[in-house]
Amino acid sequence: MENNSNQSEKLTISDDIELIDPSIVDTDELIMEAESIMDQANGSAESQSKALDKIVDLLKDVADEGTRELLIDKLSKEFNGITKKILRLKLKGSQKNGSRVKFGSDDDILDDFPEGADRKLFMKYGFYELDNKLYFRTERGIKQGANFTLKPLFHVKGHTDAKRLFHIMNESGESETIELLQKDLTSLQAFKLRVESLGNFIWMLGYAELNKLKRHLYDKTESCQEIFQLGHQKAGFWAWSNGVFTDKFQPVSEYGIIRYRNKSYYIPALSEFYKDEASLYVNEKKFVYTAGKISMSELLNLIRKVFGDNGLIGFTYLLASCFRDIIVSKHNYFPLMNIFGPKSTGKTELANCLLHFFGKANPGPNINNTTKPALADHVARFRNALCHIDEYKNNLDFEKIEFLKGLWDGTGRSRMNMDKDKKMETTSVDSGVIITGQEMPTADIALFSRLIFLTFHRTDFSDDEKQHFNRLKETAKEGLTHLTHDILSHREFVRENFFDHYDKASKELVLKLSGESITDRIFSNWTIILAIYSTLKENLSLPVEYEEVLDIVLDLMRRQNAETDRSDPVAAFWEAFNYLVKEGELKEEVDFQIQKTPELKTTKDDYQWDEPRDVLYINHTRVFDKYRRHGAQTRDYVLPKKTLEHYLKHSKEYLGRVKSRRFKMHHNSDDDFITTSKEQVTTATAFSYSRLVDKYDISVISSLGDGVDIAQD
């Protein structure tokens with residue numbers, strides 16, 4: 001029984017069941033196939049005719065006349081000389097001369113239906129499985145379509161990277177698991193390429209049959225969400241590569257599937273598809289749950305025996321990192337941790353110990369030979385965990401310094417996503433970042449103020465200390481992730497109580513500092529460390545008393561703040577100035593002068609002092625030029641002239657600009673620098689000499705001769 005052309009053709013089996021031809025033709029794919037056929041034909045009339053016959057064979061498989069007419073129209077426009085009339089005549093002749101069986105016209109199909117085949121599958125989708133082969137109902141009768149069968153496992157949702165997981169088995173019993181990208185299923189050629197790449201898996205028919213199979217597979221496939229970033233999930237659980245943690249650990253299936261609250265999730269790293277792929281998901285495969293035996297209190301005591309107060313602060317930074325998203329939700333920043341010191345002092349070992357809380361320790365990349373995109377991927381890989389960047393140096397590229405600074409407020413690398421309409425996106429920064437190196441990160445004081453700064457200096461250790469260290473290494477290798485579960489189990493308590501503890505810790509620090517000047521960022525960073533310890537001390541039965549941690553935080557905060565004062569751009573300038581004076585590169589009376597005076601008139605103010613004060617005048621044009629030349633020779637970072645002038649003008653030591661000041665002139669001979677009796681009148685910049693001495697410890701008294709008395713402000 002054949003219906004008219006604008007209705008679906010169907011074979012009525014009973015009052016309740018009817019067979020519908022679900023053929024959905026991908027017209028673009030058919031056009032591409034036709035182009036391929038024509039490209040392979042040479043210029044002879046015979047080869048062109050044979051190519052046209054092949055194209056007509058493609059059209060014969062299109063059951064719907066409307067779709068077929070659309071394709072005829074497209075093909076006639078695509079190929080010069082092949083008109084719609086020619087295609088229709090060829091198609092009509094092929095149908096008359098061939099053995100084409102109208103769909104639904106042969107009742108013998110069900111009468112001779114093979115034993116063991118699924119009638120319902122055939123009646124609904126137009127194909128059946130038999131002996132690990134696929135047979136399809138076509139307009140030329142039942143035809144074998146593949147020497148294999150596909151069993152759907154899961155559909156992994158995604159806007160641009162959706163994929164489907166299948167179990168495939170051929171007629172010889174060979175089987176594989178296969179992950180197909182969605183684009184592999186929308187292209188016949190891509191589909192054939194993927195399945196044939198596995199071995200003896202051959203697809204024999206065309207687009208219509210593939211679409212019938214897809215309809216069945218899609219109906220039977222459960223959808224799941226791929227987890228791209230391991231660690232804390234917004235759905236409410238923690239994801240390892242080998243399972244998830246809620247109130248207990250639940251391992252993934254062999255295919256990397258896990259169910260949580262009636263939803264399915266896909267974690268690919270250790271699935272059947274990728275577990276043996278050495279070059280894929282390298283870091284994710286190390287982010288695994290491995291239960292150990294040591295208790296939290298015992299471990300922290302051992303860490304302190306090995307690393308001292310630095311170990312305690314490192315452990316506390318780890319606690320904060322486990323709840324980074326909660327802290328950032330209010331503060332919009334999260335400190336980095338820097339572990340600085342010479343070789344063999346234990347700085348990298350502390351970083352590795354902390355990383356074992358998140359699986360098998362992952363050595364951090366060397367920042368000097370790692371690209372910025374690779375660094376951005378490294379810090380974005382996990383959420384509420386730790387990552388490590390090694391071998392920091394002050395001569396890093398400017399862009400890498402800026403990249404590190406951006407991590408503090410969660411700004412990763414900006415890039416254009418070519419898969420999403422070329423829209424700009426910024427990579428995430430969702431973990432705590434440990435930076436280690438042999439140079440104190442003072443190239444940019446804005447970076448230094450974003451750090452929890454720890455220093456290591458000892459290189460000699462006692463036998464007991466070495467024994468403790470070896471025990472700690474073995475304990476870490478056995479697994480610390482059970483302790484991570486202990487920490488994570490208090491997430492709601494941290495969410496409800498951390499900010500109260502932060503306010504309390506902040507007030508206590510202010511009281512203890514009693515008016516001392518601490519850089520705001522440094523104060524805020526260390527307050528987070530103190531507050532998270534206060535929040536979790538009782539819950540985790542931590543052995544160190546809060547008051548002891550408070551004293552350690554105060555000491556390390558003051559130490560870092562002092563380094564900030566010594567390492568700021570103005571301090572670097574005055575250090576260079578002091579050096580150049582002592583080396584004779586800057587000359588008294590030519591480049592600078594110091595004069596005791598009771599009053600001073602500058603562009604900034606008219607000063608009147610009760611006692612005469614020492615004022616340093618610098619011939620700023622000459623001094624700035626020599627400062628820049630010195631920086632080029634030593635390869636130290638040198639501020640641009642305008643920037644340096646801005647910083648100096650806003651320093652407390654700056655007194656203003658003097659419009660006219662006499663400096664001696666000079667000339668250079670081959671052997672010496674000679675000061676002449678001639679003088680020039682020029683502008684000079686004035687500074688309080690006593691304040692420079694107090695803050696930057698400069699000393700140019702030796703060049704003034706005896707009897708110079710430095711008055712105090």
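The pair Arg491-Asp325 meets the salt-bridge criterion, since a charged nitrogen lies less than 4.0 angstrom from a carboxylate oxygen. Between Asp377 and Arg381 no salt bridge is recorded (no basic side-chain N to carboxylate O distance below 4.0 Å). Using a 4.0 Å cut-off between charged side-chain N and carboxylate O, Glu298 and Arg471 make a salt bridge. No salt bridge links Glu563 with Arg559; every basic N to acidic carboxylate O contact stays at or beyond 4.0 Å.
At a threshold of 4.5 Å between non-hydrogen side-chain atoms, the residues Leu550 and Leu509 count as touching. By the 4.5 Å heavy-atom criterion applied to side chains, Tyr533 and Ile529 are not counted as neighbours. Using a 4.5 Å heavy-atom cutoff, the side chains of Leu354 and Met337 are in contact. Using a 4.5 Å heavy-atom threshold, the side chains of Phe448 and Met440 count as touching. You'll find the side chain of Leu483 reaches within 4.5 Å of the side chain of Ile294, heavy atoms only. Side-chain contact check for Tyr266 versus Lys163: some heavy-atom pair is nearer than 4.5 Å. Looking at heavy atoms from C-beta onward, Thr535 lies out of side-chain contact with Phe499 at the 4.5 angstrom threshold. Under the 4.5 Å side-chain criterion, counting only non-hydrogen atoms from C-beta, His232 is not in contact with Arg324.
A donor-acceptor pair is defined here as one N or O able to donate and one able to accept, closer than 3.5 Å; such a pair exists between the side chain of Gln560 and the backbone of Leu451. A donor-acceptor contact shorter than 3.5 Å links the side chain of Lys214 to the backbone of Leu185. At distances below 3.5 Å, not a single donor-acceptor pair connects side-chain atoms of Lys537 with backbone N or O atoms of Tyr546. For the pair Asn561 (side chain) and Thr519 (backbone), a donor-acceptor distance under 3.5 Å is present. The backbone N or O of Gly292 lies less than 3.5 Å from a partner atom in the side chain of His482, making a donor-acceptor pair. Judged by distance alone, the side chain of Asp409 and the main-chain N or O of Asn332 form no donor-acceptor pair under 3.5 Å. No donor-acceptor pair closer than 3.5 Å links the side chain of Ser506 to the backbone N or O of Tyr502. Between the side chain of Ser431 and the backbone N or O of Phe382, at least one donor-acceptor pair lies under 3.5 Å. Checked by atom type and distance alone, the side chain of Asp397 never pairs as donor or acceptor with a backbone atom of Glu399 at under 3.5 Å. The main-chain N or O of Leu270 is never found under 3.5 Å from a side-chain atom of Lys285 such that the two would form a donor-acceptor pair.
More than 12 heavy atoms of other residues, nucleotides or ligands sit less than 6.0 Å from atom NZ of Lys393. Within a 6.0 Å sphere centred on CG of Asn369, other residues, nucleotides and ligands contribute more than 12 heavy atoms. The number of heavy-atom neighbours closer than 6.0 Å to NZ of Lys405, taken from other residues, nucleotides and ligands shown, is above 12. Within 6.0 Å of CG on Asp219 lie more than 12 heavy atoms contributed by other residues, nucleotides or ligands. Lys286 NZ: more than 12 foreign heavy atoms inside a 6.0 Å radius.
Separation of atoms OG1 (Thr481) and CZ (Phe249) is listed at 8.0 Å; rounding is to 0.5 Å. Between atom OG1 of residue Thr177 and atom CZ of residue Phe273 there is a gap of 4.5 Å, rounded to the nearest 0.5 Å. The structure places CD of Glu439 at 9.5 Å from CD of Glu391, a figure rounded to the nearest 0.5 Å. Taking CG of Leu530 as the reference point, atom CG of Leu554 lies at 8.0 Å (rounded to 0.5 Å). Rounded to the nearest 0.5 Å, atoms NE2 (His388) and CG (Leu355) are 7.0 Å apart. The NZ atom of Lys400 sits 6.5 Å away from atom CG of Asn368, with the distance rounded to the nearest 0.5 Å.
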Legend entry - CA sep, side-chain torsions, deciding dist, call: Asn262, Tyr260, side-chain hydrogen bond (donor to acceptor under 3.5 Å, both in side chains): CA-CA 6 Å; Asn262 298 320; Tyr260 175 72; over 6 Å; no
Inset, instruction - Determine, step by step, whether Arg458 and Glu465 satisfy the side-chain contact (heavy atoms from CB on, under 4.5 Å) criterion, reporting the C-alpha distance in whole Å, the side-chain angles of both residues, the deciding distance to 0.1 Å, and the verdict. - result: CA-CA 12 Å; Arg458 290 182 57 197; Glu465 288 172 327; 2.9 Å; yes
Inset, instruction - Take Leu230 and Ser241 through the side-chain contact (heavy atoms from CB on, under 4.5 Å) test and state the conclusion after the steps. - result: CA-CA 7 Å; Leu230 296 175; Ser241 62; 4.1 Å; yes
Inset, instruction - Test side-chain contact (heavy atoms from CB on, under 4.5 Å) on Leu299 and Leu472 and set out the steps. - result: CA-CA 8 Å; Leu299 177 69; Leu472 179 60; 3.8 Å; yes
Legend entry - From CA spacing to verdict: side-chain contact (heavy atoms from CB on, under 4.5 Å), Phe245, Thr484: CA-CA 10 Å; Phe245 171 74; Thr484 308; over 6 Å; no
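In this structure, Arg164 satisfies the cation-pi test against Tyr218, with its NZ or CZ atom closer than 6.0 Å to the six-membered ring centre and inside 45 degrees of the ring normal. For the pair Lys151 and Tyr255, the cation-pi test (distance below 6.0 Å, angle within 45°) is failed.
Exactly one residue among Phe237, Phe357, Tyr289, Phe358 makes a ring pair (Phe, Tyr, Trp, His ring centres under 6.0 Å) with His485. That residue is Tyr289.
When the ring pair (Phe, Tyr, Trp, His ring centres under 6.0 Å) test is applied to Tyr281, the partners found at least two apart in sequence or on another chain are Tyr274. With sequence neighbours left out, Trp526 forms a ring pair (Phe, Tyr, Trp, His ring centres under 6.0 Å) with no residue at all. Legend: residues meeting ring pair (Phe, Tyr, Trp, His ring centres under 6.0 Å) with Phe191, ordered by chain and number and at least two apart, are Trp203. With sequence neighbours excluded, the residues forming a side-chain contact (heavy atoms from CB on, under 4.5 Å) with Ser264 are Phe154, Glu222, Cys224, Ile257, Arg259, listed by chain and number. For Glu176, the side-chain contact (heavy atoms from CB on, under 4.5 Å) partners are Ile168, Leu198, Phe201, not counting sequence neighbours.
Nearest heavy atom pair, residue Ala239 against residue Val244, reads CA-CG1, 4.2 Å. Across all non-hydrogen atoms, the minimal contact from Tyr392 to Ala443 is OH-CB, 3.9 Å. Contact detail for Ala235 and Arg261: the closest heavy-atom pair is O-NH1, 4.3 Å.
With hydrogens and angles left out, the side-chain atoms of Asn525 and Trp408 include a donor and acceptor closer than 3.5 Å.
The aromatic rings of Phe498 and His331 lie perpendicular to each other, with more than 60° between the two planes, well past the 30° mark.
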Counting only pairs under 3.5 Å, give me each side-chain donor-acceptor contact of residues 305-323, with atom names and distances, residues two or more places apart or in other chains.
| unit_1 | atom_1 | unit_2 | atom_2 | d |
| --- | --- | --- | --- | --- |
| Asp309 | OD1 | Arg304 | NH2 | 2.7 |
| Asn310 | ND2 | Thr455 | O | 2.8 |
| Thr316 | OG1 | Leu312 | O | 2.8 |
| Tyr317 | OH | Pro335 | O | 2.7 |
| Tyr317 | OH | Val433 | N | 3.1 |
| Tyr317 | OH | Val433 | O | 3.4 |
| Ser321 | OG | Tyr317 | O | 3.0 |

